2 protein chains.
Amino acid sequence: MSDTRRKLLDGTIATLRDRGIAGTSARVIAASAAVNQALIFYHFGSVGDLIDAACREAAADQVQSYRPRFRAAVSLGELLTLGQELHETQRSAGNVTVLAQVLAGARHDPQLAATAKHALTLWITEIESTLDRLMRDSPVAEVADIQGLARAIAAAFIGLELYEGVDPAGARGAFAALQHLSVLTEILDDLPPAGRRALRGRIRRTSPGPAQPK
Amino acid sequence: MSDTRRKLLDGTIATLRDRGIAGTSARVIAASAAVNQALIFYHFGSVGDLIDAACREAAADQVQSYRPRFRAAVSLGELLTLGQELHETQRSAGNVTVLAQVLAGARHDPQLAATAKHALTLWITEIESTLDRLMRDSPVAEVADIQGLARAIAAAFIGLELYEGVDPAGARGAFAALQHLSVLTEILDDLPPAGRRALRGRIRRTSPGPAQPK
DNA sequence: GTCTATAGAGGGATAGAC
DNA sequence: GTCTATCCCTCTATAGAC
């Protein structure tokens, strides 16, 4: 790949991270990439196409680089810790923030919507297979709809990323609260067999069961 | 309040909802409000000030109108149902979507950041006092940091609102999954006294305890 | 492939008539 | 309070020199 293309892809991610979707324009991206503005159109055709290319590449790279850590998580608490680390690491690299910005811009731009859905699906798939593995032997699985839960977690994560922008201390508090709560699932998983059977029966009597995936 | 001010405040919310933060300009707002563009500056000074005024008013109105329903919720499941209804009702009225857009724009605009923080705090305060009431007698309160949890819930809600924009079916699935999961907390709350004591002891041995509010 | 220059639209904001 | 007209800026995208 040419040097200019590389610089433009990186500059686009940096611009989305630092200035938000509303502040991302051809001129600003070109300045960030230290490249002539006209080259955006020569190499990518339009600003929208450049954003699309940059986001797809960045999301694929990030998900792949985090895959071993997803695979290594052995509890919901660890998955959450992974999420928190990802959140903090990315404050400089910034791909989750970027995804949040693209998601916000998706409301009035069908192209951004497609980009956002694609990138988000990569993360959701990863979360889903992790949850699948973690919860297979848990009594909690009886009331958990893994597909839906993975989507909820991804969406929540995006929300926390945006919230961080206006209240960093509050966002830290939110993460800490979730971490405390994850202790609950560990307790449930560690129940002795008798306790598990009792819980399972209790769940069956109360819950309508997980939603059927279509 | 003058008719023009009223139309501009409403037109601003409608514009943020329909066109996103990146598509919200003085000209578009004025067209939506059916008012001359120059009147924005006469009445509000700047577009940023208008957005700020509109968002603060809308958030205050919304939170107030939902307050009785927050007070009426008697379980986490009901709080979640309330959230889901709010989500669906607002697809037309649109104030949570608006908040998400302002939050996204906050990244490169300090004024929007202040607006977003103020509006979000109104919702967080409401969620916090509801959680406080709901969880006072629950053994779960031992591992729950209510302040942080309220922030996490509000942020997650914003994320779901944005996710709805690119994958409505996925967002519905996410809500359904959370609803199923809320059954767990009800089970824990309904434990017989002996079971509660056992759970409580188990929590004490595992958890570092809730974070200290500062 | 890279540059300058510019077209043409839309942006915030103001002046001044009414 | 409301309007028109306008200034000056930034935006995307292209034309054309190199």
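Predicted model only: the values in this text are computed from it and were never measured.
Across the protein-nucleic acid pair, I29(A) atom CD1 and dT10(D) atom P stand 17 Å apart, rounded to whole Å. With rounding to whole Å, R6(A) atom CZ is found 18 Å from dG1(C) atom C1'.
Relative orientation of the W123(B) and Y66(B) rings is tilted, given thresholds of 30° and 60° on the angle between their planes.
Within the structure, every side-chain polar atom (N or O) of T4(A) is placed at least 4.0 Å from both OP1 and OP2 of dG1(C).
Between the side chain of R133(B) and the backbone N or O of R71(B) there is at least one donor-acceptor pair closer than 3.5 Å.
Partner of R6(B) under the side-chain hydrogen bond (donor to acceptor under 3.5 Å, both in side chains) criterion, out of T4(B), D10(B), D3(B): D10(B) alone.
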Protein-proximity profile, nucleotides 4-18 of chain C, B/S/- by nucleotide at the 4.0 Å heavy-atom cutoff, equals B------BBBB----
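Under a 4.0 Å N-O distance rule, the pair R172(A)/E164(A) does not qualify as a salt bridge.
Here the CZ atom belonging to R67(A) is positioned 4.5 Å from the CD atom belonging to E126(A), to the nearest 0.5 angstrom.
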